Amino acid sequence: MTVRTRFAPSPTGYMHIGNLRTAIYEYLIAKNQHGQFILRIEDTDQGRFVDGATDVIFETLKTVGMEYDEGPGKGGEFGPYIQSERRQIYRKYADKLVELGGAYYCFCGKDRLDELRTKCEAEGKMYRYDGCCKRIDKAIALERVKRGESHVVRQVIPENGNTTFEDVVYGTITVDNSELEEGILLKADGLPTYNFANVVDDHLMKITHVIRGSEYLSSTPKYNVLYNAFGWELPIYIHLPPIMKTKDKKLSKREGDASFEDFINRGFLKEAIVNYIVLLGWNPGTEQEFFSMDELKACFDVQGLSKSPAIFDVQKLRWMNSEYIKRLSVEEYFEHAKPYFISAGLETFDLLKLSELLKNRTEIFSEITEKVAFVKNLPQYDIALFSHKKMKTDSESSLNVLRKVLPALNGIACWSAESINNCLMTIVVENNMKNSQVLWPVRTALSGMESSPGGASELADVLGKAESVRRIEVAISKLS
RNA sequence: GGCCCGUUGGUCAAGUGGUCUAAGACACCGCCCUUUCACGGCGGCUACAGGGGUUCGAAUCCCCUACGGGUCACCA
């Protein structure tokens with residue numbers, strides 16, 4: 001049996017981290033078995049459709065490197081892969097289901113349903129469709145439909161008994177049929193609800209593993225009733241726990257930071273995001289924690305899926321991102337950092353050198369701007385910075401040192417980190433001082449900051465001779 | 001509220017009746033390295049939701065309670 005999975009998002013907004021994780025699992029489960037991964041767009045709710053949302057889906061799948069085998073723009077044996085283009089198919093199967101006794105036409109309009117709802121509310125009961133139209137004679141109902149009377153198609157739920165299904169992560173789940181509603185399968189506009197479309201499409205597209213969020217767990221019995229009514233084979237169900245923002249709140253895109261694109265824009269590497277979220281809810285069973293997409297394809301196993309919700313921890317994502325950044329070459333780092341360097345106005349500096357300094361100190365790229373601002377403009381700083389107990393420095397000793405450093409630096413013919421360092425160390429030796437007594441004041445004078453992405457000679461190298469000398473002079477005059 | 005699901009440290013998690021005085025990772029704290037900050041190295045802190053069973057033995061099995069989540073639409 002060829003494994004076939006599908007990612008079936010609704011184009012109702014941007015790519016959410018939770019959706020992306022689901023897509024990744026779907027992709028991996030298929031690819032681990034050399035199966036097919038299908039993309040299907042579920043746009044049956046014309047009211048919620050958001051323009052451009054499908055492009056975001058295509059783009060995201062492409063950037064994380066998950067190519068689908070069948071889907072919009074790609075084609076395939078079981079198309080179309082956009083539900084709004086499958087109208088007639090649903091109509092046909094809905095009518096067929098009515099014939100098979102698994103559904104019935106319902107002519108109750110919104111008004112009557114609302115009435116029913118308020119009545120239930122008044123009686124303190126949960127609303128449930130009363131099955132009114134199920135009692136209409138089949139031939140008469142069909143006649144009314146043919147005359148063009150507005151109607152929906154509702155599912156028939158067996159009155160007694162219960163329905164059981166197997167879920168790979170949650171195990172055996174049994175629900176009493178009395179809990180199930182005779183829900184709408186085909187809406188008055190002729191388009192199916194999710195409840196119908198997913199079953200029809202998954203069957204027609206030969207999906208073997210249905211992978212989706214746990215919010216569908218409670219409606220899965222209804223789908224089984226549907227499969228059975230059609231006489232179709234059941235798929236393997238794999239339901240996934242949600243990703244949480246806090247212990248009791250789901251990650252929500254509205255509250256700011258759950259969209260994949262946002263993370264990319266904030267300077268996260270796509271590989272780090274994928275690596276992190278794949279581990280949110282799945283354990284490889286080994287100590288390995290860094291995975292490329294290819295490694296994931298090779299070792300992904302549903303056994304490692306967990307059933308309890310996981311809280312999204314940006315802190316750990318940042319750490320993982322920093323690890324990925326450390327593995328970048330200086331050139332790669334530079335490519336990612338470039339926009340931030342430019343926005344900091346550093347075009348005239350040696351940005352490769354700066355990249356080297358920054359590479360081990362960056363968690364996310366967007367923080368570069370702040371980290372390198374001092375390069376372009378020496379910040380206003382207080383001379384108290386020169387006093388550091390552990391470095392054994394105070395303003396007096398610093399002034400003293402800087403006065404020696406200034407001519408020495410000026411005398412360097414070939415400006416490089418190495419020559420600068422030699423020069424400074426010579427001063428240390430000549431004056432019988434601790435390294436820090438010379439290096440701390442110089443680094444402070446060059447950066448104007450308590451901490452900087454590099455030491456005295458590295459900073460001087462990046463800043464260049466003229467600017468370094470100028471900054472030492474500034475410090476001297478501040479201290480005098 | 002009914003039904004379904006879940007609950008190991010602050011977080012992600014290993015663990016499927018004995019090897020658990022419970023792994024690893026992030027975070028945090030401390031030390032070392034060191035010219036700052038990082039990096040790196042070493043060490044530390046903190047957990048089986050509670051209560052009953054079953055068993056020679058329970059984080060692991062059963063029941064109850066608590067807490068949390070999901071679901072109950074002509075949304076998906």
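In what follows, chains are A, B, ... by sequence order, proteins preceding strands, each numbered from 1. No experiment lies behind these values; they were computed from the predicted model shown. Note: hydrogens, waters and symmetry copies are ignored here, and every other heavy atom, side chains too, is used.
- Between the side chain of A:Y216 and the base of B:A76, at least one donor-acceptor pair of N or O atoms lies under 3.5 Å.
- With C1' as the reference atom, B:C45 and B:A22 are 16 Å apart, rounded to whole Å.
- Of the two residues near RNA chain B, A:I184 and A:S306, the one whose nearest nucleotide lies more 5' is A:S306.
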inquiry  = Each nucleotide in nucleotides 24-34 of chain B should get exactly one letter: B, S or -. Can you fill that in based on protein heavy atoms under 4.0 Å?
reply    = SBSS------B
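- Taking atom P in both B:G2 and B:U19, the straight-line distance is 41 Å, to the nearest Å.
- For A:E181, the side-chain atoms get nearest to B:C72 when compared with the rest of B:U35, B:U11, B:C72.
- With a cut-off of 3.5 Å on both pairing distances, the Watson-Crick or G-U wobble partner of B:U7 is B:A66.
- Under the 4.5 Å side-chain criterion, counting only non-hydrogen atoms from C-beta, A:Y93 is in contact with A:F196.
- Separation of the C1' atoms belonging to B:A49 and B:G24 is 23 Å when rounded to the nearest angstrom.
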message = What does the B/S/- profile of nucleotides 37-45 of chain B look like, 5' to 3', with a 4.0 Å heavy-atom cutoff to protein?
response = BSSS-----
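- With both ends at atom P, the span from B:G9 to B:U60 equals 14 Å, rounded to whole Å.
- Taking the O4'-C1'-N9-C4 or O4'-C1'-N1-C2 dihedral as appropriate, B:C39 has a value within 90° of 0 and is therefore syn.
- Comparing A:A310 and A:T44 by the nucleotide of RNA chain B whose heavy atom lies nearest to each, the residue mapping closer to the 5' end is A:A310.
- Pairing for B:G43 is with B:C29, a Watson-Crick or G-U wobble pair whose two hydrogen-bonding atom distances lie under 3.5 Å.
- We find that A:E467 and A:R471 are joined by a salt bridge, their nearest charged nitrogen and carboxylate oxygen being less than 4.0 Å apart.
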